[in-house]
Amino acid sequence: MVVDYSVYLVTDSTMIPESSTFLRQVEESIENGATIVQLREKTLGTREFIARASKVHELTKKKGIPLIINDRVDVALAVDAEGIHVGQDDMPAATVRELIGPDKIIGVTCSNVEETQQVCDEGIADYVGLGTVYFTNTKKDTKTPQGTGPIGVRKMLQVLRKHNTSKSNKSIRSVAIGGINQTNAAKVLYQCAIPQQSLDGVAIVSCIMASEDAAGSTIELAEVINLTVPWIRKFSNGGPAKLEDKVAAVQNAKPLVHHITNNVVKNFSANVTLAIGASPIMSELAQEYEEFATNIPNLSLVVNLGTPSDDLMLTFVHALQIYNKYGKYIVFDPVAGGATNARLEACRKLLNAGQPSVIKGNVGEILAIWKLTSSYQVDSDSAGQSLMRGVDSIADLEDDVVIRIGQEVAQDFRTVVVITGKTNFVIDGTYAESKSTYIWDVKAPIRASELPVTKIQGGHPLMGSITGSGCSLGSTIAAFIASHADGQSKDTNESFNIGEAVVGAVELYNKAGELAGKETSTPGAFMVKFLDKLYELTHT
Ligand code: 3NM
């Protein structure tokens, strides 16, 4: 039996709106797109549970979709349900299989890599429920109450990929669960994916069971999971182009770069943004972000972690969600990302909350983000392990190791990675994705080493002596991508090659640094010259 897990309804009778009934909610969902139903009752007595299961089974049979019973093998046997779902503390899958026979569906909840590995080793389950992805009020006793986020799910998917790509193994399917709804389902499917292993669907409870319009909510959910995420719709595969054409695109578009950036560099970043013909907005007022995103056409966001605080973290998360919702571009700058565990955790939180178009950092910062990738530590055969042994000291890193780390970050986070240093590297993790219409068909390269790398020289040692020279590169990149400045797209309504636009920004920036360094040898004068060169190179 081929099971469609894409819209996996898990029931909960405690959250039904007053205007409806339990059975009506379930029926409306089944009639409007739920592809599989799990009956989950934690308080019903056996007799009532069986009676309810029979009624739900009538509905699912009519529609030809499977009914899965949560935890209770006796109830599943009593109504001849199509399957059972068990948690880690419930009856072991092997015992369930003995009791219900070889043809029934068995699902197991996994909250971490170890549990997923165990399910794979047993080889009994047909699918796994991976979660909790995001915080949810629906289940209080989860092992990961704040959510594993897509970063945690990808680590579990690595385990599944290894299992599923071995021909001798029975393939195990997967759904994510916890805090998923119509607004984030497409992003969950996009972010919870690695080459050769995507989710088969999303499992949801409250966004349907508690909905005043269970039919409408299901229709919307079924629609959004078949759409690709809005920012990817704008990417294409145009080839390399001239820097001057990219610069001209920025002048034409006059983009706005919204900075949520650190206190040290606000002034300089604003000046750099102006010098290249773009406009800066510095706003930490979360309430206005939706207005920005809906009213300003050529807009992008810089999220800079330089001077973090608890309040700012909330603002960042809000901004990431709004900008993703409207398909606007985001440059994430994980300033000092590896300096402390708390900062790495801040990066994890932000990268779980939103999808950046670009991650820009120096080698140390990208190395920190690399520790969040799914191949790090999980896959003992992967390059991750050998790279890990080789990176005790950042100072000693060879270019090829730096590139490899950048490629793994670009692939795992499906983003463009910029690594700054004496040589700058731009690695496009999105370049193969523009051809896909649906999340399911994304043809990402299987090997990170296949991702294209552009090396950019230039710059000047004095750039290290002025504050904000790294951060303001983020502003420049943001201006280029908001302008679709790949040197080929005619305007920002056309799709564009994001990697090429980023290369343009990094080239311009380093060229200005190089030219400024030829005219002065002291940092104060360099800062002024640098702004002048950015201006001259873009206003001819
Ligand atoms: N299991 P909602 S989270 C039933 O993490 C369940 O295993 C979870 O509810 C797990 O869609 C969860 O309303 C509840 O957030 C998910």
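None of these values were measured; they are calculated from a predicted model. Side chains are part of it too, since the values below use all heavy atoms of this structure and drop only hydrogens, waters and symmetry mates. Each residue takes its place number in the sequence, starting with 1.
- Using a 3.5 Å distance cut-off with no hydrogens or angles, the side chains of Gln407 and Ser449 do not pair a donor with an acceptor.
- Neither side chain, Gln355 nor Thr415, offers a donor N or O lying under 3.5 Å from an acceptor on the other.
- Taking the six-membered ring where tryptophan is involved, the planes of Tyr127 and Tyr5 are tilted, since the angle between them lies from 30° to 60°.
- Checked for salt-bridge contact, Arg447 and Glu450 meet the test: a charged N lies under 4.0 Å from a carboxylate O.
- For the 3.5 Å distance criterion, the side chains of Glu41 and Asn70 fail to qualify, holding no donor opposite an acceptor.
- A salt bridge between Arg348 and Glu345 is present, with a side-chain N of the basic residue lying under 4.0 Å from a carboxylate O of the acidic one.
- Here Arg173 does not pair with Asp126 in a salt bridge; the nearest charged N to carboxylate O distance is not below 4.0 Å.
- Checked for salt-bridge contact, Glu365 and Lys360 miss the test: no charged N lies under 4.0 Å from a carboxylate O.
- By the 4.0 Å N-to-carboxylate-O rule, Lys42 lies too far from Asp141 to be salt-bridged with it.
- For the residue pair Gln25 and Ser20, a side-chain donor N or O sits within less than 3.5 Å of a side-chain acceptor on the partner.
- Using a cut-off of 4.0 Å between Lys/Arg side-chain N and Asp/Glu carboxylate O, Glu48 and Arg52 are scored as not salt-bridged.
- If you check the side chains of Asp311 and Ser309, you find no donor sitting under 3.5 Å from an acceptor.
- Between Glu290 and Lys325, at least one side-chain N (NZ, or NE/NH1/NH2) sits under 4.0 Å from a carboxylate O, which counts as a salt bridge.
- Asp12 and Thr14 form a side-chain donor-acceptor contact under 3.5 Å, judged by distance and modelled atom types alone.
- Donor-acceptor pairing under 3.5 Å is recorded for the side chains of Glu82 and His57.
- Remark: Phe496 pairs with Phe235, Tyr329, His484 by the ring-ring contact (aromatic ring centres under 6.0 Å, His included) rule, at least two apart or across chains.
- Classified by interplanar angle (parallel below 30°, tilted 30° to 60°, perpendicular above 60°), the ring pair Tyr289/His318 is tilted.
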